[in-house]
Amino acid sequence: MADYATLIITSEFIESYGAREFSYAERQRFRRALQMLDSNERHPSLRIHQLQGDQAGVWSASASDELRVTFERLPDGKKRLLICSRHYQ
């Protein structure tokens, strides 16, 4: 994974990225989404929103219509990446 100014990549995130059956094209979508999340989190294609219920405090960014990245916002303006997944898994 590349170095990012505002993203903290956790071992759980790396495990979710590598353990699932994501295609090369899907991994490319994740990488593009991470670059945007790092440089311009207001990009409309990310469709960032806060989750609710038992995941309150966690945010979601879209990598595609079916792929997402979840993260937590930290007080210093950084984002701790939690997992990458298919929507609603």
Side-chain angles (χ1 to χ4, degrees):
M1 293 245 148
D3 288 331
Y4 299 102
T6 66
L7 305 180
I8 298 170
I9 300 172
T10 63
S11 58
E12 292 84 5
F13 182 83
I14 291 173
E15 185 176 322
S16 69
Y17 180 83
R20 300 187 189 249
E21 297 296 321
F22 294 123
S23 69
Y24 177 78
E26 290 170 327
R27 289 177 200 276
Q28 290 292 89
R29 287 184 191 103
F30 281 124
R31 284 193 283 273
R32 279 195 301 270
L34 293 177
Q35 290 170 344
M36 280 190 284
L37 186 60
D38 188 45
S39 65
N40 179 15
E41 74 172 63
R42 293 182 182 195
H43 194 283
S45 68
L46 291 173
R47 299 186 304 262
I48 291 178
H49 62 280
Q50 188 171 13
L51 302 179
Q52 298 178 1
D54 63 342
Q55 292 193 332
V58 175
W59 293 76
S60 176
S62 295
S64 73
D65 285 341
E66 77 172 55
L67 302 174
R68 74 175 178 179
V69 172
T70 57
F71 63 94
E72 296 174 323
R73 294 185 182 277
L74 302 176
D76 62 0
K78 295 194 177 197
K79 296 169 274 296
R80 180 184 300 123
L81 301 177
L82 301 175
I83 62 167
C84 56
S85 65
R86 297 192 188 283
H87 275 291
Y88 308 113
Q89 281 190 344

Can you spot which of R73, E72, E41 makes a side-chain contact (heavy atoms from CB on, under 4.5 Å) with W59?
R73
Closest heavy-atom pair, S64 versus R29, reported as atoms and distance to 0.1 Å, is CB-CD, 3.6 Å
Working to the nearest 0.5 Å, report the span between OG1 of T10 and CG of L81.
6.5 Å
Kindly say whether H49 contributes a backbone atom to a donor-acceptor pair with the side chain of S60 at under 3.5 angstrom?
no
When every non-hydrogen atom of C84 is compared with those of S16, the smallest separation belongs to N-OG, 3.0 Å
Minimal heavy-atom distance between A33 and S62, with the atoms involved, is CB-O, 4.1 Å
Any link between I14 and L37 through a network of hydrophobic side chains (Ile, Leu, Val, Met, Phe, Trp, Tyr) touching at under 4.5 Å?
yes
In this structure, CZ of F30 is separated from CZ of R68 (nearest 0.5 Å) by 10.0 Å
Under 4.0 Å between a side-chain nitrogen and a carboxylate oxygen: does that hold for D65 and R47?
yes
Any side-chain donor paired with an acceptor under 3.5 Å for R31 and Q28?
yes
Nearest heavy atoms of Y17 and F22, plus distance in Å:
O-CD1, 3.7 Å
In a check of side-chain contact (heavy atoms from CB on, under 4.5 Å) between L7 and each of K78, R80, K79, which one passes?
K79
Can you name the closest pair of heavy atoms from E12 and I83 and give their distance?
O-CG2, 4.4 Å
Under the criterion side-chain contact (heavy atoms from CB on, under 4.5 Å), which of V69, L82, T70 is the partner of F13?
V69
F71 side chain near L34 side chain, heavy-atom distance below 4.5 Å
no
Where do A61 and I48 come nearest, in terms of heavy atoms and distance?
CB-CG1, 3.9 Å
